[in-house]
2 protein chains.
Amino acid sequence: MSDVARRAGVSRATASYVLNRTPGARIPEQTRARVLEAAEQLRYVPHVNARSLRRGRSDLVVGHVDGASVLRQGLSFVGLIQVARDIREAGYTFLFHGDPTVTGVAAARSWLALRPAAVLATLDRYTEESVAMITAAGTVPIAMSHTPSDLTPTIVLDDGPLGRAAAEHLLGRGCRRIVALGGCPGMADQHMLGHRMAEAVAAARAGGAEARQVPFSPGREAATGLVGSWLAEGTLPDGVVGATTTHAAHVLTALVDAGVRVPQDVAVLAADDEPLAELVRPRLTTVGADLDVGEARMGAAVLAAIDGRWDPDLAVRRFPARMVVRETA
Amino acid sequence: MSDVARRAGVSRATASYVLNRTPGARIPEQTRARVLEAAEQLRYVPHVNARSLRRGRSDLVVGHVDGASVLRQGLSFVGLIQVARDIREAGYTFLFHGDPTVTGVAAARSWLALRPAAVLATLDRYTEESVAMITAAGTVPIAMSHTPSDLTPTIVLDDGPLGRAAAEHLLGRGCRRIVALGGCPGMADQHMLGHRMAEAVAAARAGGAEARQVPFSPGREAATGLVGSWLAEGTLPDGVVGATTTHAAHVLTALVDAGVRVPQDVAVLAADDEPLAELVRPRLTTVGADLDVGEARMGAAVLAAIDGRWDPDLAVRRFPARMVVRETA
DNA sequence: CTGAAAGCGCTTACAG
DNA sequence: CTGAAAGCGCTTACAG
């Protein structure tokens with residue numbers, strides 16, 4: 001900026017005023033133009049770190065996401081992309097911190113080294129201690145989860161309705177022995193998929209069916225093994241909900257290969273809706289999430305949190321379920 | 001840091017020396033311990049911006065990736081994750097800038113505002129002007145592409161062998177009219193998929209077959225339409241290479257639905273290997289990329305570039321092809 | 001061995 | 001309307 005000021009023949013203060021369009025400052029049009037031209041010629045790019053160091057507040061928002069989350073928590077990743085856009089439009093700098101290895105206090109340390117205005121991460125990266133530490137540093141910790149939390153302001157992306165709708169569809173077909181496939185039972189608070197399947201189990205039981213959640217990581221052997229054990233033990237369910245289309249497709253394929261009739265013997269459906277559903281035979285019945293992410297404007301919740309105007313009501317996004325009935329249920 | 005120094009009863013300089021383990025400084029063990037304890041009690045986190053402002057060099061490396069790239073350029077995303085890990089292990093801070101809307105000079109401006117040591121982005125985000133601008137600012141611009149470039153140091157992730165292997169497999173089966181499906185013809189320099197399919201076409205032609213690249217964006221209607229037009233016009237190929245498993249699966253499904261026999265009438269295979277291949281019937285023959293990303297150590301190339309020791313040989317990763325013959329070719 | 005001081009690139013109250 | 005000056009949190013040559 002010194003170079004710009006020198007070239008324009010003004011002081012650094014004046015250059016700063018025109019480059020920042022500082023409200024109070026009345027700079028004659030001619031001076032303004034000279035500064036702007038000098039900045040243009042020198043390709044001046046302001047140094048955001050120096051600025052925030054001086055101002056005492058940062059315009060940086062750090063989002064923490066990793067490859068595993070992308071796969072495991074698709075919905076929250078989609079949400080994060082949208083949040084990032086909203087936040088950038090409000091004039092903040094949004095950067096992703098992608099180190100998958102850190103959580104809790106270690107994560108807090110690496111975020112705080114950047115002195116951001118706020119940090120946005122899935123709930124499982126926070127602990128009580130790390131939230132205290134982040135808050136003490138003047139940074140706003142914001143979480144994303146499928147369920148509200150007392151720990152810190154949390155953007156709720158609730159995909160429970162997808163699991164419930166899937167279970168209710170099976171109940172409507174007369175299924176009484178239902179398996180919810182995927183996520184870790186008892187870890188509903190940790191993983192989106194766990195929550196979705198827990199909700200499916202709850203809905204199935206509420207409808208008078210027998211239901212249990214079975215952990216499953218999609219793959220050919222896992223699916224063949226699972227179906228094999230059902231047949232060997234005589235515990236074949238009459239309805240299966242897969243946490244994702246991929247989960248459901250693997251079991252469907254293994255069932256068909258084992259000679260089980262779908263949907264006559266076992267109905268299968270997925271609690272989400274990926275294109276894969278059209279590619280398997282019989283075609284998979286799915287539950288689509290009817291939320292237009294573009295309209296969600298979740299960034300508004302984050303911006304409110306930064307400004308100390310956190311409003312939990314602004315931060316809840318429930319994914320409305322829409323049945324896509326094909327051939328398997 | 002002032003707080004830490006005060007609490008430990010030393011000057012800020014001394015605190016800085018022990019906290020940074022500055023080589024030249026000989027600090028008595030007792031003083032060291034006092035400073036460390038104070039830092040611990042106060043949960044001191046160094047302010048990286050202040051540090052790099054003072055030092056005149058930054059330990060930040062910015063990677064630019066967006067959702068669309070993740071889908072379109074899967075390989076380079078996987079590569080980027082690995083690069084990020086290598087760079088972090090070398091003591092740098094690696095952050096992702098995820099704004100999909102900026103390229104060229106606009107992108108350069110938003111990167112340079114952070115004054116990073118280096119920036120890493122797909123080649124198509126750079127222009128001659130932006131490279132000059134970034135270099136002038138003392139930041140090292142590094143690109144990723146499937147092919148070398150003169151513009152700036154480029155990490156080459158060459159997936160051409162996947163396309164070639166696919167075409168050669170079809171040639172070996174006696175196919176003479178081959179379609180390479182996906183990417184944009186003539187845009188081989190822009191997209192990985194385009195490059196992969198261009199290589200497939202080249203290999204097919206080199207083997208004496210007729211071959212052409214057909215743009216295709218995976219989906220049920222697109223596949224049905226494409227197969228329908230082949231049948232109507234009598235232009236059914238005898239071999240199809242899909243740029244990805246998803247591309248191939250859609251065409252496979254549409255062919256089977258239209259009563260075409262696979263592989264007898266048309267052989268189909270994918271120039272990558274996703275789990276989906278096992279889920280469709282007949283099972284898709286694929287080409288796996290036999291590169292252990294963990295062993296690629298692409299970060300070494302980036303680190304070399306930062307240190308002004310760029311070595312193109314270090315930066316080329318060719319994906320070795322491994323045929324996974326299933327039922328469709 | 002330790003501290004006082006300068007300075008990285010900025011912003012902003014203050015004085016002229 | 002414009003400039004001199006202080007100061008954000010740090011590092012590091014320099015003097016004691």
Side-chain angles (χ1 to χ4, degrees), chain A residues 1-36 38-39 42-60 91 93 109 112-117 136-139, chain B residues 1-36 38-39 42-60 91 93 109 112-117 136-139:
Chain A
M1 211 176 73
S2 295
D3 297 340
V4 173
R6 194 176 315 116
R7 186 173 189 119
V10 300
S11 72
R12 291 152 56 216
T14 305
S16 173
Y17 288 139
V18 354
L19 259 12
N20 289 311
R21 299 181 197 76
T22 309
R26 302 278 74 194
I27 312 282
E29 189 48 47
Q30 225 193 37
T31 311
R32 250 177 57 78
R34 277 214 318 281
V35 172
L36 257 16
L42 295 173
R43 294 178 177 297
Y44 171 71
V45 177
H47 190 312
V48 298
N49 293 343
R51 168 181 296 173
S52 57
L53 186 59
R54 167 61 229 227
R55 280 198 178 151
R57 63 198 156 74
S58 159
D59 70 347
L60 175 66
T93 301
R109 291 184 66 87
L112 291 182
L114 302 165
R115 298 292 193 279
T139 292
Chain B
M1 210 176 73
S2 295
D3 298 339
V4 173
R6 195 176 315 117
R7 185 173 189 119
V10 300
S11 73
R12 288 152 59 216
T14 305
S16 173
Y17 288 138
V18 354
L19 259 13
N20 290 311
R21 298 182 197 75
T22 310
R26 301 278 76 194
I27 311 283
E29 188 49 46
Q30 225 193 35
T31 311
R32 252 178 55 79
R34 276 214 317 279
V35 172
L36 259 15
L42 296 173
R43 293 179 178 297
Y44 171 70
V45 178
H47 190 313
V48 298
N49 293 344
R51 168 180 297 172
S52 56
L53 185 60
R54 166 62 227 230
R55 281 197 178 152
R57 63 197 157 74
S58 157
D59 70 346
L60 175 66
T93 301
R109 290 184 67 88
L112 291 182
L114 302 165
R115 297 291 193 279
T139 292

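Computed from a predicted model, the values in this text were never measured in an experiment.
Between A:Asn49 and A:Arg57, it is A:Asn49 whose nearest contact on DNA chain C lies nearer the 5' terminus.
Counting any heavy atom pair closer than 4.0 Å across all strands shown, A:Thr31 reaches sugar-phosphate atoms only and no base atom. Nucleic acid contact class of A:Asn20 (heavy atoms, under 4.0 Å, all strands): sugar-phosphate only.
For A:Arg57, there are no salt bridge (Lys or Arg N to Asp or Glu O under 4.0 Å) partners at least two apart in sequence or on another chain. Partners of A:Thr14 by side-chain contact (heavy atoms from CB on, under 4.5 Å), not counting sequence neighbours, listed by chain and number: A:Val10, A:Ser11, A:Val18, A:Ile27, A:Thr31. With sequence neighbours excluded, the residues that form a side-chain hydrogen bond (donor to acceptor under 3.5 Å, both in side chains) with A:Arg7 are A:Gln41. Not counting sequence neighbours, the partners of A:Ser58 by the side-chain contact (heavy atoms from CB on, under 4.5 Å) test are A:Ser52, A:Leu60. For B:Arg43, the salt bridge (Lys or Arg N to Asp or Glu O under 4.0 Å) partners are A:Glu129, not counting sequence neighbours. With sequence neighbours excluded, the residues satisfying side-chain hydrogen bond (donor to acceptor under 3.5 Å, both in side chains) with B:Arg6 are B:Asp3. When the side-chain contact (heavy atoms from CB on, under 4.5 Å) test is applied to B:Ala136, no partner is found at least two apart in sequence or on another chain. In this view, A:Asn20 and A:Ser16, A:Thr22, A:Arg51, A:Arg55 satisfy the side-chain contact (heavy atoms from CB on, under 4.5 Å) rule, not counting sequence neighbours.
Here salt bridge (Lys or Arg N to Asp or Glu O under 4.0 Å) pairs that include residues 8-34 of chain A, with residues two or more places apart or in two chains, are A:Glu29-A:Arg32.
Contacts between chain A and DNA chain C, taken as any atom within less than 4.0 angstrom of a protein heavy atom, begin and end at C:dG9 to C:dA13.
In this structure, the side chains of B:Val4 and B:Leu42 come closer than 4.5 Å at one or more pairs of heavy atoms.
Of the residues in residues 9-19 of chain B, those with a non-hydrogen atom less than 4.0 angstrom from any atom of DNA chain C are B:Val10, B:Ser11, B:Ala13, B:Thr14, B:Tyr17.
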Per-nucleotide pairing state of DNA chain C [Watson-Crick or G-U, under 3.5 Å; [ ] pseudoknot-crossing; | other strand]: |||.||||||||.|||
